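Data first, discussion second: the structure below is written as structure tokens.
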Amino acid sequence: MDQIRALLLKHDDPRHLERPSDFDLDTSRECFARLESALKERFGPSCSRGLAQDASFYGVINVPADATGLGRPLRAAMSNLGSYFVTAKVVVGEGVPSGEAGLTQEFVTWLDGVCAAAGCTFVPAELLREPYDGPSFLEAHRDEELVAAHVAAGELDEDEDDEEEVGKAYWHDRYFEYM
């Protein structure tokens, strides 16, 4: 985990929030295709993918609940940054990721191997839930101003604001969110 934390910090360039300066679309496309192919081979053709724009991640691959064997859908995402950081989450309820709860150790080991073969780095969701302490200024840091503006406009009650979360960012926000 310490090595992965060091990689996350190493590839955090505050001047390039969405993709590194040397971003190569063809290489990214190939890496994502290998990841998608491996997931489809394991879970079947019902997997779907979506590409991102204005984000620090390249795209996501969704595995429907009936294909996962977990009773819930699974989502794997590939970042534009690092050696293509990849993470996976079980989805609960209204598409809200629950993290690794429900992922088997066998699946995590398999995905880590797939990532290594494809030139990616698997990043456990638990690490991405750690508070962000890198150099970039993220949208989450602007939440405090945004909440104050919504309260002033009467669109939000002050008690609806979760004081503990306002202004906090997590490593997931840096590598797997819209910028």
Side-chain angles (χ1 to χ4, degrees), residues 1-39 48-62 75-89 91 95-100 108 111-112 114-153 155-156 161-179:
M1 292 291 262
D2 289 339
Q3 290 176 329
I4 297 173
R5 279 185 196 95
L7 279 175
L8 291 173
L9 194 54
K10 175 185 173 187
H11 292 284
D12 187 1
D13 180 352
R15 292 170 301 181
H16 300 97
L17 292 178
E18 292 180 22
R19 65 188 67 80
S21 60
D22 61 350
F23 181 78
D24 182 339
L25 182 58
D26 291 334
T27 303
S28 301
R29 187 179 297 126
E30 290 171 21
C31 189
F32 189 73
R34 287 191 298 269
L35 182 62
E36 179 184 21
S37 177
L39 286 162
S48 62
R49 70 186 186 122
L51 301 179
Q53 185 175 356
D54 300 325
S56 61
F57 65 101
Y58 183 84
V60 296
I61 301 158
N62 294 297
R75 180 174 300 138
M78 184 181 93
S79 179
N80 287 326
L81 296 125
S83 56
Y84 303 111
F85 297 130
V86 173
T87 194
K89 302 172 186 167
V91 179
V96 177
S98 71
E100 291 180 334
V108 170
L111 183 57
D112 188 42
V114 166
C115 288
C120 303
T121 301
F122 174 69
V123 181
E126 66 189 59
L127 194 147
L128 295 171
R129 287 190 297 271
E130 291 181 2
Y132 174 76
D133 59 356
S136 297
F137 186 78
L138 305 177
E139 284 299 315
H141 293 126
R142 298 173 203 228
D143 283 352
E144 200 168 286
E145 295 171 20
L146 181 63
V147 168
H150 282 294
V151 168
E155 298 169 1
L156 185 69
D161 169 21
D162 184 351
E163 293 291 330
E164 294 179 14
E165 292 298 314
V166 171
K168 288 188 179 180
Y170 300 90
W171 278 99
H172 184 275
D173 298 325
R174 174 62 186 100
Y175 289 110
F176 295 98
E177 283 297 336
Y178 292 94
M179 290 288 125

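Please read these numbers as outputs of a predicted model, since none were measured by experiment.
For F57 and Y178, the gap between ring centers is short of 6.0 Å.
Formation of a donor-acceptor pair under 3.5 Å by the Y175 side chain with backbone atoms of L81 is not found in this model. Side-chain atoms of S56 do not come within 3.5 Å of backbone N or O of S79 as any donor-acceptor pair.
Residues S28 and Y84 form a side-chain contact, since some pair of their non-hydrogen atoms from C-beta on lies under 4.5 Å apart. Here the side chains of V86 and V114 are not in contact, with every heavy-atom distance at 4.5 Å or above. For the pair I4/P124, a side-chain contact is recorded, criterion being any heavy-atom separation below 4.5 Å from C-beta on. Looking at Y58 and L25, their side chains come closer than 4.5 Å, going by heavy atoms from C-beta outward. Considering only heavy atoms from C-beta on, R174 comes within 4.5 Å of L17 through its side chain. When side chains are defined from C-beta on, F176 does not count as touching V60, because their heavy atoms never get closer than 4.5 Å.
When the side chain to side chain donor-acceptor pair (under 3.5 Å) test is applied to D13, the partners found at least two apart in sequence or on another chain are R15, H16. Contacts of S37 classified as side chain to side chain donor-acceptor pair (under 3.5 Å), with partners at least two apart in sequence or in another chain: none. Applying the side chain to side chain donor-acceptor pair (under 3.5 Å) criterion to T27, with sequence neighbours excluded, gives D24.
Put simply, CH2 on W171 and CG on D12 are 5.0 Å apart, with the number rounded to the nearest 0.5 Å. Rounded to the nearest 0.5 angstrom, M179 CE and D54 CG are separated by 10.5 Å. Note that the OG atom of S136 and the CG atom of D173 stand 11.5 Å from one another [nearest 0.5 Å]. Remark: N62 CG to E36 CD distance equals 10.5 Å, nearest 0.5 Å. Here L51 contributes atom CG and F32 contributes atom CZ; the two are 5.5 Å apart, rounded to the nearest 0.5 Å. Atom NE2 of residue H172 and atom CG of residue L138 lie 12.0 Å apart, to the nearest 0.5 angstrom.
L7 approaches F85 most closely through the heavy-atom pair O-CZ, 3.7 Å. Residue K89 comes nearest to A125 through the heavy atom pair CG-CB, 4.5 Å, listed as atom of the first residue, atom of the second, then distance. Minimum heavy-atom separation, F122 to D112: CB-OD1, 3.5 Å.
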